[in-house]
Amino acid sequence: MRSDEIKHFYIFRHGECPLNQTGHIQGQKFNGKLTDLGCKQAERVGIILQDKAIEVIVTSPMKRAVQTALIAKKYLAAIPIMVDHRLIEVNMGVVEGMHISLAEKKYADTYKHWRSGKLSDLLTHFEHGESKAQVRKRVFDALEHYAQNTKYKNIAISTHGIAIAQILQYFGIKKTNIPNGAVLFISYNKPIWNYEGFVE
């Protein structure tokens, strides 16, 4: 791939939503919209992206991710928004909707390994839920599709904290708490993915 064919990906976490405020675990079951602060965070994403020549936004199907994408799009050209289920929030199984403090008590060992960020814990999951390894595989399946099978060179992705954390871990970076509205920049120069950093 020539240097002018390098693909640029701007991957952002959705803005804040109500369960982010209360400390409850959302997962896929709770599909709320953004708070007022979340809307402002989405506006900030749009401002960050407005000079990046974005050609498409690909979003998780969750309302919080779609709403963030729609708000950010106001700062961009007339570009399409596409939904890709591979970018969806992690399925947290039996702890979805549970307060973090209760999950820490009731599923102490599993929660400890889930939060560790160690490679040895990638297969950890809650009952009826997904592992981080499963999340990473589907997220990179999506990224590689847009990198290899589309003509877009500057792509924005609206997704979730766990997805971004797994992208970072692919690069050997341990960061489990991704702020709402954070924008990660990575690039693809076939067949290599490159970490470029967070965009402010």
Side-chain angles (χ1 to χ4, degrees), residues 9-32 35 37-38 41 45 58-62 64-65 68 84-144 147 157-188 192-200:
F9 288 80
Y10 297 89
I11 305 167
F12 54 92
R13 186 183 177 195
H14 62 79
E16 181 193 73
C17 41
L19 291 191
N20 293 144
Q21 289 182 322
T22 61
H24 288 79
I25 297 169
Q26 290 188 94
Q28 296 178 4
K29 183 177 178 181
F30 293 86
N31 199 13
T35 62
L37 175 58
Q41 291 165 335
V45 169
V58 185
T59 181
S60 153
M62 304 300 290
R64 53 193 181 270
T68 302
D84 192 317
H85 282 260
R86 292 172 292 189
L87 301 172
I88 197 169
E89 177 66 284
V90 59
N91 180 349
M92 292 292 285
V94 294
V95 299
E96 291 197 359
M98 192 176 291
H99 195 275
I100 291 170
S101 61
L102 180 57
E104 286 177 315
K105 280 184 182 178
K106 193 171 182 179
Y107 301 96
D109 190 56
T110 302
Y111 194 88
K112 175 184 174 183
H113 289 289
W114 174 262
R115 295 292 297 174
S116 77
K118 295 178 181 178
L119 289 176
S120 58
D121 290 327
L122 278 176
L123 298 180
T124 296
H125 63 90
F126 295 94
E127 187 179 357
H128 305 307
E130 286 182 288
S131 69
K132 292 177 182 177
Q134 290 173 307
V135 174
R136 186 187 300 189
K137 182 182 184 304
R138 60 174 168 80
V139 168
F140 271 96
D141 282 348
L143 294 178
E144 288 177 1
I157 304 283
S158 182
T159 187
H160 305 271
I162 186 65
I164 296 174
Q166 283 308 297
I167 293 168
L168 289 171
Q169 194 163 52
Y170 170 86
F171 294 108
I173 300 168
K174 180 182 174 182
K175 185 176 175 67
T176 55
N177 294 313
I178 309 299
N180 293 102
V183 181
L184 172 65
F185 175 32
I186 65 174
S187 62
Y188 181 78
I192 305 297
W193 286 100
N194 298 290
Y195 170 75
E196 306 289 353
F198 282 88
V199 185
E200 298 295 334

TODO: Give a yes or no on whether the backbone of Gly15 and the side-chain of Thr68 come within a donor-acceptor separation of less than 3.5 Å.
DONE: yes

Task: Expected output: side-chain Arg138 to main-chain Ile88 donor-acceptor under 3.5 Å - done: yes

TODO: Report the distance from atom CD1 of Ile167 to atom CD1 of Ile173, rounding to the nearest 0.5 Å.
DONE: 11.0 Å

Task: Ring geometry between Phe140 and Tyr170 (parallel below 30°, tilted from 30 to 60°, perpendicular above 60°) - done: tilted

Task: Residues which pass ring pair (Phe, Tyr, Trp, His ring centres under 6.0 Å) with Phe30, listed by chain and number, not counting sequence neighbours - done: none

Task: Side chain proximity check, Lys132 to Trp114, heavy atoms < 4.5 angstrom - done: yes

Task: Minimal non-hydrogen separation, Phe198 against Leu168, with atom names - done: CZ-CD1, 3.8 Å

- [ ] Of all the heavy-atom pairs spanning His85 and Pro61, show the shortest one and how long it is.
- [x] ND1-CG, 3.5 Å

TODO: Could you pull out the closest heavy-atom pair between Ser60 and Leu87, with the gap in Å?
DONE: CB-O, 3.2 Å

Open item on the list: Would the distance check show the side chain of Glu89 and the main-chain N or O of Gly27 forming a donor-acceptor pair, the cut-off being under 3.5 Å?
Closed with: no

Open item on the list: When you measure from the side chain of Glu130 to the backbone of Asn91, do you find a donor-acceptor pair of N or O atoms at a distance under 3.5 Å?
Closed with: yes

- [ ] Kindly say whether the aromatic ring centers of Phe9 and Trp193 come within a distance under 6.0 Å.
- [x] yes

- [ ] Please confirm whether the backbone N or O of Cys17 pairs with a side-chain atom of Arg64, one donor and one acceptor, at under 3.5 Å?
- [x] no

Open item on the list: Quick one, Val90 with His160, criterion side chain to side chain contact (heavy atoms under 4.5 Å, CB included). Give me CA distance, side-chain angles, the key distance, then yes/no.
Closed with: CA-CA 8 Å; Val90 59; His160 305 271; over 6 Å; no

TODO: Evaluate the side-chain proximity of Asn20 to Thr35: yes if any heavy-atom separation is below 4.5 Å, no if none is.
DONE: no

Task: Side-chain touch Arg13/Leu184, heavy atoms, less than 4.5 angstrom - done: no

- [ ] Kindly give the heavy-atom pair with the smallest separation between His99 and Thr22, and that separation in Å.
- [x] NE2-O, 3.0 Å

Task: Residue pair His14 / Met62, side-chain heavy-atom distance below 4.5 Å - done: no

- [ ] Give a yes or no answer on whether the side chain of Thr110 reaches the backbone of Phe126 with a donor-acceptor pair at less than 3.5 Å.
- [x] no

TODO: To the nearest 0.5 angstrom, please state how far the NE2 atom of His24 sits from the CG atom of Leu102.
DONE: 8.5 Å

Task: Exam field: side chain Thr124 to backbone Asp121, donor-acceptor pair closer than 3.5 Å - done: yes

Task: Side chains of Leu143 and Tyr188 in contact at under 4.5 Å (non-hydrogen atoms) - done: no

Task: Distance (rounded to the nearest 0.5 Å) between Asn194 CG and Phe171 CZ - done: 6.5 Å

Task: Which atom of Ile25 lies closest to which atom of Ala103, heavy atoms considered - done: CD1-CB, 3.8 Å

Task: Polar side-chain atom of Gln134 near backbone of Ser131 as donor-acceptor pair, under 3.5 Å - done: yes

Open item on the list: So which atom in His125 and which in Gly129 form the shortest heavy-atom distance, rounded to 0.1 Å?
Closed with: ND1-O, 3.6 Å

Open item on the list: Given 3.5 Å as the limit, does a donor-acceptor pair link the side chain of Lys29 with the main chain of Met92, or not?
Closed with: no

- [ ] Report yes if the side chains of Gln166 and Val139 come closer than 4.5 Å at any heavy-atom pair, otherwise no.
- [x] no

- [ ] Give a yes or no on whether the backbone of Gln28 and the side-chain of Glu96 come within a donor-acceptor separation of less than 3.5 Å.
- [x] yes

- [ ] Calculate, to the nearest 0.5 Å, the distance between atoms OG1 and CD1 belonging to Thr159 and Ile11 respectively.
- [x] 8.5 Å

TODO: Hey, could you give me the CD/CG distance between Gln41 and Leu37, rounded to the nearest 0.5 Å?
DONE: 4.0 Å

